[in-house]
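Computed over heavy atoms, backbone and side chain alike; hydrogens, waters and symmetry mates excluded. The sequence lines fix the lettering, A, B, ..., with proteins before strands; numbering per chain opens at 1.
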Amino acid sequence: MPELPEVETIKRDLTKMILGKKITEVRVNNPMVIREPSPAAFKRSLEGLTIKNILRRGKLLILELSNGQALTIHLKMTGQLVYPGKAKNSRVAFHLTGGKVLDFNDQRLFGELRLISDWKKLKFVQGLGPEPFDLTLADFKDMLSKKKTKIKPLLMDQGFVAGIGNLYASEILFRAKINPERPGQSLAGKEKETLYREIKEVLSSAIKHGGSSIDDYVRLSGKRGDYVRFHQVYGREGKPCVTCGGPVKKITQGGRGTYFCLKCQR
DNA sequence: AATGGGACCTGCGCGC
DNA sequence: TGCGCGCAGGTCCCAT
């Protein structure tokens, strides 16, 4: 579910709502989502710690704690954080000072919670490419020139650039008017510049609107993200292209659905 | 290096 | 109404 804009939205909501609070109790309702340490040690170690800092790297949320450790949360496809939560149907419930509960919900159980001493040493983090907002145009051009991979799966490759997923990859390429099947290195200088601009534009606009709620994603408050109304191609197979009126096409790339306009994206 | 497939899970909507 | 299939904002692992 959540890509960079959704995770960033949750990060900002969390910062407002729970930064500085103490975790008074942890209830593990489904131990499957706890990857390390053991669910019992996870619970025991977390109780009593205070949330000192809240960060995001790619699609990963990081809560730095008063003992120097970090709680990392990857929402994968259907993970949600809700505060104040209901502590019902949640996979893990974090009780905080003040009596309210932060719920980690996750229908498909792909989500991953970890309590670790140094989040920067996580294999997943080590493999991440640059944050889109830290990326310079010169570096981006250079990175593209080395890649034969099709541009859409390339944008989704977390080792290339961190944070872009299936939905925003389609939206970004539509706005940049680039065909998703083009090899990365085939883009002209001008196209690379446009793509670079649209990555930042689409992601920042999506953050501004609280992300995209399609099925599961909700903000910390439980409210829906509002960016769906700005979507131009994602999920619009067969519907008219907002630019030319032709039908939006859907193809499969790397097992994921790609939406685009054959006429507008070259 | 690039690409394709399957795996991890649950639940929804669709066609029959 | 019920069943089977395909599909879903992610990532990892293995094969070619």
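With both ends at atom P, the span from dT1(C) to dT10(B) equals 26 Å, rounded to whole Å. Taking the P atom of each, dC5(C) and dG6(B) are spaced 15 Å apart, rounded to whole Å.
Within 6.0 Å of atom NZ in Lys263(A), 12 or fewer heavy atoms from other residues, nucleotides or ligands are found, so the atom counts as exposed in its surroundings. Lys22(A) NZ: 12 or fewer foreign heavy atoms inside a 6.0 Å radius.
Here the P atom of nucleotide dG9(C) and the CD atom of Gln80(A) are 16 Å apart, to the nearest Å. The distance from atom CD of Glu6(A) to atom C1' of dG9(C) is 6 Å, rounded to the nearest whole Å. When rounded to the nearest whole Å, the span between CG of Leu60(A) and C1' of dT11(C) equals 12 Å. In this entry the distance linking CD of Glu3(A) with P of dT11(C) reads 9 Å, nearest Å. Taking atom CG of Leu109(A) as the reference point, atom P of dT11(C) lies 17 Å away to the nearest angstrom. For Lys59(A) and dC12(C), the NZ to P distance is 10 Å, given to the nearest whole Å. Counting to the nearest Å, the P atom of dT11(C) and the CD atom of Gln126(A) are 16 Å from each other. One can place CD of Glu8(A) at 16 Å from C1' of dG9(C), the figure rounded to the nearest angstrom.
More than 90° away from 0 lies the glycosidic angle of dG5(B), which makes this nucleotide anti.
Taking every nucleotide of DNA chain B with any atom under 4.0 Å from a non-hydrogen atom of chain A, the first and last of them, 5' to 3', are dA2(B) to dG11(B).
Here Thr149(A) lies in heavy-atom contact (under 4.0 Å) with sugar-phosphate atoms only. If you check every strand for non-hydrogen atoms under 4.0 Å, Glu112(A) touches nothing. Tyr168(A) comes within 4.0 angstrom of no nucleic acid atom, judged by non-hydrogen atoms across all strands. Backbone-only engagement by Asn166(A) is indicated by non-hydrogen atom pairs under 4.0 Å involving sugar-phosphate atoms exclusively.
Between the CG atom of Leu14(A) and the CZ atom of Arg12(A) there is a distance of 12.5 Å, given to the nearest 0.5 Å. A distance of 13.5 Å separates CD1 of Ile73(A) from NZ of Lys76(A), quoted to the nearest 0.5 Å.
We find that Arg197(A) and Glu193(A) are not joined by a salt bridge, their nearest charged nitrogen and carboxylate oxygen being 4.0 Å or further apart. Of the charged side-chain nitrogens involved, at least one lies within less than 4.0 Å of a carboxylate oxygen, so that Glu112(A) and Arg114(A) count as a salt-bridged pair. A salt bridge does not link Glu237(A) with Lys249(A): none of the charged nitrogens is closer than 4.0 Å to a carboxylate oxygen. In this structure, Asp13(A) pairs ionically with Arg219(A), as a charged nitrogen and a carboxylate oxygen lie closer than 4.0 Å.
Between Tyr196(A) and Phe140(A), the two ring planes are tilted [angle within 30° to 60°]. Between His209(A) and Tyr227(A), the ring planes are tilted. Angles from 30° to 60° get that label.
Residues His74(A) and Phe110(A) place their aromatic rings such that the two centres sit no closer than 6.0 Å.
Along DNA chain C, the nucleotide closest to Asp215(A) and the one closest to Lys123(A) are compared, and the more 5′ of them pairs with Asp215(A). Of the residues near DNA chain C, Gln158(A) and Arg108(A), the one whose nearest nucleotide (by heavy atom distance) lies more toward the 5' end is Arg108(A).
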Checklist outcome for this item: Note, DNA chain B 5' to 3' with Watson-Crick or G-U pairs under 3.5 Å encoded as ( ), [ ], | and . gives .|||||||.|||||||

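Put simply, His74(A) has a side-chain N or O that comes within less than 4.0 Å of OP1 or OP2 on dT11(C).
Residues of residues 249-256 of chain A that place a heavy atom closer than 4.0 Å to DNA chain C, in numerical order, are Lys250(A), Arg256(A).
Between the Gln253(A) side chain and the Thr258(A) main chain, no donor and acceptor come within less than 3.5 Å of each other. Distance alone, capped at 3.5 Å, is enough to place a donor-acceptor pair between the Thr24(A) side chain and the His95(A) backbone.
We find that the ring of Phe110(A) and the base of dG10(C) stack, their centres lying under 5.5 angstrom apart and their planes tilted less than 30°.
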